[in-house]
There are 2 protein chains.
Amino acid sequence: MVGEGEKRSVFGDQTGSVELLWGGRERPSRGPRPALSLERITRTAIALADAGGLGAVSMQRVAGELDFTKMSLYRYVPGKNELVALMIDSAMGEPPQLPEGWRNGLRAWAGALTTVYHRHPWLLGAATGPRVMGPNELGWTETAVAALADTGLSGGEQLDAVVVVSGHVRALAQVSASMGLGSARATEPEQVMSAALNELLVGRADRYPAVAAALASTEADAAARDRANEFGLERILDGLEAYMGGSR
Amino acid sequence: MVGEGEKRSVFGDQTGSVELLWGGRERPSRGPRPALSLERITRTAIALADAGGLGAVSMQRVAGELDFTKMSLYRYVPGKNELVALMIDSAMGEPPQLPEGWRNGLRAWAGALTTVYHRHPWLLGAATGPRVMGPNELGWTETAVAALADTGLSGGEQLDAVVVVSGHVRALAQVSASMGLGSARATEPEQVMSAALNELLVGRADRYPAVAAALASTEADAAARDRANEFGLERILDGLEAYMGGSR
DNA sequence: ACAGAATAGTGTCCATCAGATACAGTTTCT
DNA sequence: AGAAACTGTATCTGATGGACACTATTCTGT
């Protein structure tokens with residue numbers, strides 16, 4: 001199960017996440033010293049996810065990796081949803097330093113985000129459904145919005161622009177992960193997958209002529225595939241720039 | 001478990017999906033008549049997911065809803081992953097008819113896709129990880145690419161443009177689902193959630209000044225929030241149009 | 001110094017999940 | 001008529017997330 005069980009009370013569940021992600025968490029004065037730490041647990045869980053996807057992260061396995069029992073983890077984390085929330089925020093890491101200028105800034109921001117998704121592909125599947133943003137995630141948003149602060153965009157437009165760029169990075173990372181276009185991980189399996197898509201199409205070019213034609217023209221143009229990652233982002237930035245009036 | 005278990009053999013798993021989604025599936029001549037059908041199973045599973053999210057879909061429950069045993073479903077579907085693949089393609093439905101002109105076309109396409117995501121929010125979480133596209137999903141891609149066929153974009157660029165637009169719709173639907181901005185479903189829970197984000201920010205405006213400022217200016221401008229759904233898409237279309245030369 | 005309270009980790013238990021396998025009943029082809 | 005192929009069922013396994021009771025540890029108030 002991944003997270004959207006029907007027992008989630010829409011907010012009661014999130015309370016734990018909010019406290020864990022944002023709360024002070026001072027150690028109580030009485031009682032034995034904790035032998036574990038939130039950070040160690042989170043790190044271990046991330047390592048498991050990096051190696052085998054989100055499905056490889058279970059309380060048992062995380063605990064086993066740390067030589068503890070499963071239930072001991074629940075002294076640190078109220079439940080698995082909260083652990084995943086911690087994993088997400090920790091895997092995001094600190095937002096990058098951006099260069100001057102909103103356009104260069106957003107470009108660098110998108111690149112850094114792409115790197116994160118490549119390093120932790122499970123993030124693509126984890127960050128789904130209603131969630132509470134953690135400090136790092138909000139920090140990423142902050143740096144991106146800050147890059148747009150002096151562009152004349154309204155506050156809402158700034159937020160929308162960030163949603164557009166991050167959505168694009170995410171979409172591209174998804175395609176990259178499932179079809180192996182331009183991904184450093186594009187080893188055999190993904191290429192087989194892309195081949196399978198082609199295989200689906202060859203007998204059906206009549207039903208999907210536009211896609212077939214587009215794919216065919218892509219195959220011949222290896223250089224274009226290298227630019228694929230940039231194309232969409234540059235169009236988005238163009239659109240934003242035009243909207244600002246092109247002056248900045 | 002949702003799908004990224006480490007036992008997935010990268011393609012062996014997908015074979016079943018390919019056959020189910022694309023294969024002919026003629027009924028064998030001998031043996032009892034099947035009392036169920038793929039379509040009925042899929043429909044039931046979608047209804048469960050619509051009502052309670054993907055987590056509410058288990059083989060047990062689907063079977064129970066149909067008054068059959070869990071294992072009987074495996075006569076129709078090789079596994080849960082394949083069922084989810086069927087659900088996705090079925091929930092997508094037939095692609096929409098688009099109006100003339102690539103820009104109007106893509107706008108309508110994005111709107112239709114948004115409607116689908118609103119109707120089946122679980123799609124946002126289901127369509128993650130390496131998957132095989134079904135006929136309907138590929139059909140959606142086909143209509144979008146077809147709308148761009150006469151724009152002068154290369155095949156690769158057409159595909160990239162579609163990825164951009166669909167990624168944006170997806171990103172927006174996600175925000176919409178988790179923050180309730182402009183969503184028809186924006187009832188109490190999501191508003192509470194948005195309020196919670198604000199609440200997080202009020203004490204921390206020093207750490208996230210740009211986001212705080214942007215959010216503050218948004219609150220005052222209810223009209224802007226209604227335009228939020230359009231803003232990003234129009235910027236993307238602007239960017240594409242500029243790249244084409246603005247002539248068409 | 002000492003008793004009680006709060007805490008940490010453990011062991012046991014439960015419902016649920018996806019799926020394997022063996023089997024009984026049904027239909028059709030030879 | 002009989003074998004072959006198929007459908008739905010019953011039973012079982014191993015794993016999951018989590019509840020709960022229990023022991024061991026550590027600090028606080030006396």
Side-chain angles (χ1 to χ4, degrees), chain A residues 1-9 12-13 16-17 25-38 40-41 44-45 48-49 52-87 126, chain B residues 1-9 12-13 16-17 25-38 40-41 44-45 48-49 52-87 126:
Chain A
M1 188 177 308
V2 85
E4 285 164 315
E6 64 288 355
K7 69 186 158 211
R8 166 171 296 197
S9 77
D13 234 21
S17 291
R25 306 202 45 73
E26 69 256 10
R27 182 161 113 63
S29 52
R30 271 187 276 198
R33 307 234 157 73
L36 280 170
S37 71
L38 257 190
R40 210 147 87 85
I41 293 172
T44 306
L48 283 175
L54 252 199
V57 178
S58 77
M59 293 308 212
Q60 306 240 30
R61 286 168 83 116
V62 174
E65 208 79 6
L66 293 161
D67 277 313
F68 279 77
T69 53
K70 172 185 62 161
M71 289 316 290
S72 66
L73 301 187
Y74 286 94
R75 293 283 171 195
Y76 299 81
V77 173
K80 203 198 177 182
N81 289 333
E82 287 78 5
L83 175 56
V84 173
L86 285 172
M87 289 170 63
Chain B
M1 192 173 302
V2 84
E4 286 163 314
E6 63 288 357
K7 68 185 157 217
R8 167 172 294 194
S9 76
D13 235 20
S17 291
R25 307 204 45 74
E26 70 257 10
R27 180 160 114 62
S29 54
R30 271 184 276 198
R33 308 229 159 74
L36 279 170
S37 70
L38 257 189
R40 210 146 86 84
I41 293 171
T44 307
L48 283 175
L54 252 198
V57 178
S58 75
M59 294 308 222
Q60 306 238 24
R61 287 169 83 117
V62 174
E65 208 78 7
L66 294 161
D67 277 314
F68 280 77
T69 50
K70 172 183 61 160
M71 290 315 290
S72 65
L73 301 187
Y74 286 96
R75 292 285 173 197
Y76 299 81
V77 173
K80 203 196 177 183
N81 289 333
E82 287 78 6
L83 174 56
V84 172
L86 285 172
M87 290 170 62

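Reckoned from all heavy atoms, side chains included, excluding hydrogens, waters and symmetry mates. Every chain is numbered from 1 and lettered A, B, ... according to where its sequence line falls, protein lines coming before strand lines.
At the phosphate of C:dT10, OP1 or OP2 sits under 4.0 Å from a side-chain N or O atom of A:Thr69. Between B:Gln60 and C:dT16 there is no side-chain N or O to OP1 or OP2 distance below 4.0 Å. OP1 or OP2 of D:dT9 has not a single side-chain nitrogen or oxygen of B:Arg75 nearer than 4.0 Å. Side-chain N/O atoms of A:Arg33 include one lying less than 4.0 angstrom from OP1 or OP2 on D:dC27. Taking side-chain N and O atoms only, B:Ser58 has a distance below 4.0 Å to OP1 or OP2 of C:dC17.
Rounded to a whole Å, the CZ atom of B:Phe68 is 16 Å from the C1' atom of D:dA10. Between the CG atom of B:Leu48 and the C1' atom of C:dC17 there is a distance of 15 Å, rounded to whole Å. Rounded to a whole Å, the CZ atom of A:Arg61 is 16 Å from the P atom of D:dG14. Per the geometry, CG belonging to A:Leu54 stands 15 Å off C1' belonging to D:dG17, to the nearest Å. Distance, A:Lys80 NZ to D:dA19 P: 15 Å, rounded to whole Å. In this structure, the CG atom of A:Leu73 is 10 Å from the P atom of D:dG17, given to the nearest Å.
Toward the 5′ end of DNA chain C lies the nearest nucleotide of A:Pro34, the other residue of the pair A:Pro34 and B:Gly31 mapping further downstream. Checking B:Pro28 against B:Asp67, the closest nucleotide of DNA chain D that is more toward the 5' end is the one next to B:Pro28.
Closest to the side chain of A:Met71, from the set C:dG19, C:dG25, C:dG11, is C:dG11. Picking from D:dC6, C:dA5, C:dG9 the nucleotide with the shortest atom distance to the side chain of A:Arg30 gives C:dA5.
Backbone-only engagement by B:Met59 is indicated by non-hydrogen atom pairs under 4.0 Å involving sugar-phosphate atoms exclusively. Within 4.0 Å of A:Tyr74, counting heavy atoms only, lies at least one base atom of the nucleic acid. A:Ser29 comes within 4.0 angstrom of the backbone, heavy atoms only, and of no base.
In terms of modelled atom types and a separation under 3.5 Å, the side chain of B:Lys70 and the main chain of B:Ser58 share no donor-acceptor contact. Listed for the B:Tyr76 side chain is a donor-acceptor partner under 3.5 Å among the backbone atoms of B:Leu36.
Shortest non-hydrogen contact noted between B:Leu83 and B:Val77 is N-CG1, 3.6 Å. Heavy atoms only, all atoms of each residue included: A:Leu54 and A:Met87 are closest at CD2-CE, 4.2 Å.
Note: A:Glu65 CD to A:Gln60 CD = 13.0 Å, rounded to the nearest 0.5 Å.
A donor and an acceptor atom sit less than 3.5 Å apart, one in the side chain of A:Lys70 and one in the base of D:dG18.
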